[in-house]
**Q** 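Please find one structure pasted underneath; my questions will follow.
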Amino acid sequence: MAGQSLPRGGGRAIVRFMETPDNATAAESLTGIAAQDWATASAEPQYRAAVVDLLGALAYGELAAFERLAEDAKLAPTLADKAELAAMASAEFHHFERLRDRLAAIDVEPTEAMQPFAAALDGFHRQTAPSDWLEGLVKAYVGDSIASDFYREVAVRLDADTQALVLAVLDDTGHGNFAVEKVRAAIEEDPRVGGRLALWARRLMGEALSQAQRVVAERDALSTMLVGGVADGFDLAEVGRMFSRITEAHTKRMAALGLAA
C-alpha cells in the first residue's frame, strides 16, 4: 500500500491515526445492545438478522480481498513486492475463515449469508479494476480503508462478542503502510503520477460510498441498525455525521499518500 520498509510498530501508529475520529470516544460510552454479549443480544430477531448480514458482507469482502491481492501480486515489479502481497492475501483469507466459522457457529450457512452481497461487491471491483500496480495499491489502501471505517462505525453498536470479532478481522494486514511507502516513492520519482492517482482515488471514494449506501438500503435489518431500532442512539442525522467522519479519514489518507483529496 520503493525504499526501505517502515518499522512494523510505525505502521500500526499510522493505521490507528487513519481510523475515523471519535471511535474511541464512542466505545467508552456503550449502552444497551453494545453492552450485552451475543447470547443476550441475539434474542432479538431483527438484531440477529442485522448481524448475520454484517458478518456475511464482511466475509465476502475478505474473500474478495484475498482474491484481489493474489491477483495484484502478478503486477508486482519485484519478488519482494510479490511476497509482501502474498502475505497480505494470506492474512485476508485468515480473516475470512474466522467470519465463516462464526457464522457456522451461530447456525448460519456462510455461503447463504454472503450471497446477498456478492453482486454488489463484484460490481464494485469490476468498475474499479486497476490498470497498473500503483492503481492497485491505491485501491487497496483507499477502497479497503473506506469499507473498514464503515464497519468500525457499525461495530461500536454491536454486542461485545460480535464487536470483538469485527474489529479483529478489520485489523491491519500491513497493506496501508506498504501502499503509502510505494506510492510516495513513485510520486517523488515522477510527480506527474500524483495527478493521475489523485483522480483515481477520488473515483474510488465515490464508488465505495455509493456501494455502502446501496448495500445498507437493500438490507432492512442492517439499515434499521444504522438509523434507529436495534441500534442505540443512531438516527438519520448521526448517519450523516458518520459518513462525514469517513470522508474526513479519507482526506487524511490521501495526504499520507501525497495526493490531493
**Q** Any carboxylate oxygen within less than 4.0 angstrom of a Lys/Arg side-chain nitrogen, looking at Lys139 and Asp72?
**A**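 Salt bridge between Lys139 and Asp72, a charged N being under 4.0 Å from a carboxylate O: no.
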**Q** Test your reading of the model: is there a side-chain donor-acceptor pair from Arg152 to the backbone of Leu170, 3.5 Å cut-off?
**A**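 Yes; judged by distance alone, with no hydrogens or angles, the pair exists.
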**Q** Show your reasoning for whether side chain to side chain contact (heavy atoms under 4.5 Å, CB included) applies to Leu197 and Leu257.
**A** CA-CA 10 Å; Leu197 293 180; Leu257 287 169; over 6 Å; no
**Q** Going through the distances and angles, do Arg102 and Val169 end up as a side chain to side chain contact (heavy atoms under 4.5 Å, CB included)?
**A** CA-CA 12 Å; Arg102 173 61 67 86; Val169 300; over 6 Å; no
**Q** Closest approach of Ala64 and His125, non-hydrogen atoms and distance?
**A**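 Ala64 and His125 have their closest heavy atoms at CB-NE2, 3.9 Å.
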**Q** Would Arg196 and Asp190 count as a side chain to side chain contact (heavy atoms under 4.5 Å, CB included) if you check the C-alpha gap in whole Å, the side-chain angles of each, and the deciding distance to 0.1 Å?
**A** CA-CA 11 Å; Arg196 174 172 67 87; Asp190 181 4; over 6 Å; no
**Q** Is any side-chain heavy atom of Val108 less than 4.5 Å from a side-chain heavy atom of Leu55?
**A**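 Side-chain contact under 4.5 Å: no.
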**Q** If I take atom CG from residue Leu204 and atom CD from residue Gln127, how far apart are they, to the nearest 0.5 angstrom?
**A**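 The distance works out to 11.0 Å.
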**Q** So, does Thr247 use its side chain to make a donor-acceptor pair with the main chain of Phe243 at under 3.5 Å?
**A**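 Indeed, once roles are kept as given, a pair shorter than 3.5 Å links the two residues.
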**Q** Would you find more than 12 non-hydrogen atoms of other residues, nucleotides or ligands less than 6.0 Å from Gln115 atom CD?
**A**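 Check fails, neighbour count at 12 or below.
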**Q** Give a yes or no on whether Glu67 atom CD has more than 12 heavy-atom contacts from other residues, nucleotides or ligands under 6.0 Å away.
**A**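 Atom CD in Glu67 is crowded, with more than 12 foreign heavy atoms closer than 6.0 Å.
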**Q** Given the rule that I, L, V, M, F, W and Y join up when any side-chain heavy atoms are under 4.5 Å apart, are Ile106 and Tyr47 in one cluster?
**A**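 Shared cluster, yes.
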**Q** For the side chain of Asp161 and the backbone of Trp38, is there at least one donor-acceptor N/O pair under 3.5 Å apart?
**A**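 Yes.
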**Q** If you apply the rule side chain to side chain contact (heavy atoms under 4.5 Å, CB included), what do you find for Val142 with Trp200, and how did you get there?
**A** CA-CA 10 Å; Val142 172; Trp200 171 244; over 6 Å; no
**Q** Has Arg184 got a side-chain atom pairing as donor or acceptor with Ala256's backbone, closer than 3.5 angstrom?
**A**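 Yes, the answer is positive, given that a donor and an acceptor are paired below the 3.5 Å cut-off.
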**Q** For the residue pair Phe66 and Phe93, does the interplanar ring angle fall in the parallel (under 30°), tilted (30 to 60°) or perpendicular (over 60°) class?
**A**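 The rings of Phe66 and Phe93 sit tilted, inter-plane angle from 30° to 60°.
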**Q** Heavy atoms only: give me the nearest Asp81-Ala76 pair and the separation to one decimal.
**A**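 Heavy atoms of Asp81 and Ala76 come nearest at CB-CB, 3.8 Å.
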**Q** Do Leu134 and Val138 come close enough that some side-chain heavy atom pair is under 4.5 Å?
**A**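 SC-SC contact between Leu134 and Val138 ruled out.
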**Q** Atom CG in Leu69, atom CD in Glu84: separation rounded to 0.5 Å?
**A**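 Here the interatomic distance stands at 11.0 Å.
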**Q** Verify the cluster assignment for Leu167 and Leu165: are they in a single hydrophobic cluster under the rule of side-chain heavy atoms below 4.5 Å apart?
**A**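 No, separate clusters.
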**Q** Would you give the length of the straight line joining atom CG of Leu259 to atom CE of Met254, rounded to the nearest 0.5 angstrom?
**A**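 Answer for the CG-CE pair, Leu259 versus Met254, is 5.0 Å.
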**Q** Which heavy atom in Ala118 sits nearest to a heavy atom in Tyr60, and how many Å separate them?
**A**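 Closest pair (atom of Ala118, atom of Tyr60, distance): CA-CE2, 3.6 Å.
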**Q** Taking Glu62's backbone N and O only, do any of them form a donor-acceptor pair with Glu92's side chain (distance below 3.5 Å, no angle check)?
**A**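 Checked: no pair found.
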**Q** Can you name the nearest heavy-atom pair linking Asp159 to Ala41, along with the distance?
**A**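 Smallest heavy-atom distance, with atoms named: CB-CB, 3.8 Å.
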**Q** Would you say Tyr151 and Phe124 are hydrophobically clustered, going by side-chain heavy atoms of ILVMFWY under 4.5 Å?
**A**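 No: no chain of side-chain contacts under 4.5 Å links Tyr151 to Phe124.
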**Q** To the closest 0.5 Å, what do you measure between CD (Glu153) and OG (Ser148)?
**A**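 One gets 12.0 Å once the value is rounded to the nearest 0.5 Å.
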**Q** Which heavy atom in Val166 sits nearest to a heavy atom in Ala155, and how many Å separate them?
**A**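 Shortest heavy-atom contact: CG1-CB, 4.1 Å.
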**Q** Quick check for you: to the nearest 0.5 Å, what is the distance between Ile146 atom CD1 and Leu209 atom CG?
**A**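 The CG atom of Leu209 is 5.5 Å from CD1 of Ile146, to the nearest 0.5 Å.
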**Q** Could you report the tightest heavy-atom contact between Leu121 and Ala57, atom names first, then the distance?
**A**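 That closest heavy-atom pairing would be CD1-O, 4.1 Å.
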**Q** Quick one, Lys182 and Tyr141 - any side-chain contact, counting heavy atoms below 4.5 Å?
**A**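 Lys182 vs Tyr141: side chains apart.
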**Q** Out of curiosity, Leu99 CG to His94 NE2, how far, rounded to the nearest 0.5 Å?
**A**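 It is 10.0 Å, given to the nearest 0.5 Å.
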